[in-house]
Amino acid sequence: MRYGYFDDERREYVITQPDTPLPWINYLGSEAYFGLISNTAGGYSFYRDARLRRITRYRYNNVPFDYGGRYIYVRDNATREFWSPSWQPTRRPLEGYSCRHGLGYTIIGSTYRGIEAQARYFVPLGENLEIWQLTVTNRRGEAADLSIFSAVEFCLWDAQDDATNLQRNLNTGEVEIEDGVLYHKTEYRERRNHFAYFACSSFSPLEGGPSRTSPLERGPSTTSPLKGGPSTTSPLEGGPSTTSPLEGGQRGVTGFDTQRDVFLGPYRGWDNPAAVERGQSFNSVAHGWAPIGSHHVKVTLQPGETRQVIFLLGYHENPRDHKFDPPGSQTINKTTVKPTIARYLDPAQIEVAFGALRTYWDGLLGILQVETPDVHTDRMVNVWNAYQCVVTFNMSRSASFFESGIGRGLGFRDSNQDLLGFVHMAPARARERILDLAATQLESGGAYHQYQPLTRRGNDDVGSNFNDDPLWLVLGVAAYLKETGDWSILDQPVPYDNQPGSETPLYEHLQRSLHYTLERLGPHGLPLIGRADWNDCLNLNCFSDEPGQSFQTTTNKDGQVAESVFIAGLFVLAAKEMAQIANGKSQIGKSANQQITNDNLQPPTSNFQPPTSILHSPFSTPQSYLDAARQMEAVVLEHGWDGEWFLRAYDDFGHKVGSHECEEGKIFIEPQGFCVMAGIGLGDGRAEQALESVNRLLATPHGIVLQQPAYSRYYLHLGEISSYPPGYKENGGIFCHSNPWVMIAETMVGHGDRAHDYYTRINPSAREAIGEIHRCEPYVYAQMIAGRDAPTHGEAKNSWLTGTAALNYVAITQWILGIRPTFDGLQIAPVIPASWSGFQATRVFRGVAYRIDVERAGPGNAISLTVDGRPVAGNLVSLPPPGQTEVVVKVVLC
Ligand code: GLC
Ligand code: GLC
């Protein structure tokens, strides 16, 4: 069953019924100011950090769970009926409801008893504010006398504290009201230098031009009793007002509320606010309790007439020594924010900003566009998967309807993987992220598992010792170098643990990443797993038997026995990449290839104790990295092979995990995908055998499950994985992130049909038709789809923020379509389904547009390549001479 459709032309997903199985959301904002918005206008906003700078409030585990949002109420003053054009929170039976989620914007509209209303929500590029542009049309035969109310609930900045520290927070709330702009300034008097504001234009005619009625263009209102003065003296406090203080001062805006419980009325919710019911704001001024922002605007619309009203919700910072105006007062200095407010209350400026947003997205997506025989592939590659990659890059795993924005900042492993699907779109931002990540690495080569984006500090609650973490940095940097050819990043000085004075070139961070693994080898010579590897829930040193303990941070074993075959595969891949990086670095004639010697490994800070093995490092040449990869590969083949597939791990007793010898959890997906990706077993048939086992034992119509048989009870020595009921999450769920590894592996053994079949099984667009089973958004990947052991097999959860986005993007674009950036040029090696006649693509790579035409002449994957009309041996398209901006590539598959 479908709840909407893809408007491919406009790059929008159009939801046509408001009660989707779950709130289907979108993201607003591109760089600093962000918001989540559901198809019924639920969600919240924050500046940079979803925990530390939360602008609007959101209640976890609320019912319905998208409650709290960007609400607009329309009231028919003749009948006293009111409704919300976004359906929530009033849930009236609407006609023609639609929610258009586009790239960085959402448009929600509907008609109720002949009144058509539509709101467009977006964040202008480079601004710390969101625009709600409401358009109202009277489709009735007679005039309509309407009231419009807006409503947001402010969060007192630190979302964690806001939700818990009530004894303080119910006393601290403060606002200012000036010229109809509602300023939320809790804690501004003391240590904060930021505030939020909520502004509103009065009704303006639709036909372009600056809003004639913008309050700010007329300069400060002289008639408002609230203007400038401290809000404690409001004459309106407490009692309902009959004559608005703003009338005359601001035509059309007839009232406001800033105290939630006055606006709503006691014992009422957002579905039935007292102010809206009675048709008049209370002009309440919040002191403590719960500050909100609500405007009231009145308008009479003639038959056929359309008007618009603009709301702006924004965040603003003042320099610490210019916080107050006049200086010494306690009143916010508004000199720098007012021009911004004035600008975006102007509909003409809004159009310009919206146009710029569209151009921005056209630019990002234009870097790779494809035309294949499969509409689901095209849609995801050209629009939605790329879009999700940008969102995951921005959010990591912090803020979604499944991630609270409180618990996790940016993950080291996660963000490095997110880079893989993002780097081609905004390499400069990828570079910045790489350097931030590397700065949370420790001198040991290990890394903080997570860090807070605002402070860029490692998160001490979780700490480090997830032994796979540092290796992902090598993959992230390799992807950056291949995409950009910017070798200078390797020389960039980067500190450890953000400690000034500890800087070494980024290149040495990568070296230390590899050393970290080699210094932590277990009894079989495989890497020790630490707290966990990619699978956060395979906790082999945890042994937790106390309820409530964190599986990730409880460590009851010394960790000298449990080993991970997955990390071994990741190491082999990373070491091979590193060999190429070392090679490229030496060729480029930059600073001579850093040799790790006693000299340059002098401890950067006095208490640093370099592990002895670094001092006798084998690493200096490209070959040394290859040797390390080969040695690890040999260990995997000897101790990591189970007969028909790769083993998963050895536990703390030295027993196998993911072996036919096990009672449950006999085979895991991760090492099959990753070892083959690293090239292990490609030469001797084991790769194919492992992938056959995956197909036979793990593949379902809804995707490939993580392991089988699922654990039916809790195993102390395995940790969180066995805490989940069978079929969910890491316990036999379809953990989508690991599926593309198998797709990539299948292309490496030449199986285009199978790779694309797996791709399709979890492709959200291809699952749109089974929306009642899948239940999550059909335009983005979810982290997990319930596995075959779950009663809800096929049901997705944790949509949006998942490594699935980047990895699937890599699998389809670089391995199935085979358009692969390398250190030396663009490689074109498609492994597509036999039934495809071919495909076309445009890829902008290092500033050159490659027009690629792939034609199938035979059933295989062998290619003959022509570049600008000249036949070329192999599959590498080298960079054209400087000045050439376009290259025509013809590929014939036979
Ligand atoms: C979550 C985590 C990711 C981890 C995965 C598997 O998606 O964000 O870091 O690799 O789960 O446990
Ligand atoms: C929890 C989740 C797991 C996630 C991890 C991140 O254990 O179940 O999926 O990867 O937290 O730390």
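A quick note: this is a predicted structure, and the numbers were derived from the prediction, not measured. Ligands are counted one by one from 1 in listed order, and the atoms in each one are counted from 1 as well.
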Completion exercise
Correct closest heavy-atom pair for A811 and P740 would be CB-CB, 3.7 Å
Exercise for the section: Check whether any side-chain N or O of T20 sits under 3.5 Å from a backbone N or O of L22 as a donor-acceptor pair, and report yes or no. Expected result: yes
Practice task
Using the six-membered ring wherever Trp is involved, compare the ring planes of F46 and Y44 and label them parallel, tilted or perpendicular (cut-offs 30° and 60°).
Solution key: tilted
Exercise for the section: Could you check whether the rings of W534 and W741 sit parallel, tilted or perpendicular, using 30° and 60° as the cut-offs? Expected result: perpendicular
Practice task
Could you tell me if any non-hydrogen atom of T802 lies under 4.0 Å from any atom of ligand 1?
Solution key: no
Exercise for the section: Under 4.0 Å, heavy atoms only, figure out whether ligand 1 is touched by the backbone of D414, its side chain, both or neither. Expected result: side chain
Handout entry: ligand 1 versus Q783: contacting region, heavy-atom distance under 4.0 Å
Key = side chain
Fill in the blank from the handout: Within 4.0 Å of some non-hydrogen atom of E730, the atoms of ligand 1 are 6 (C), 11 (O), 12 (O)
Problem - Atoms of ligand 1, numbered as shown, that sit under 4.0 Å from any heavy atom of F735 - result: 5 (C), 6 (C), 7 (O), 11 (O)
Handout entry: R429 CZ: over 12 foreign heavy atoms closer than 6.0 Å
Key = yes
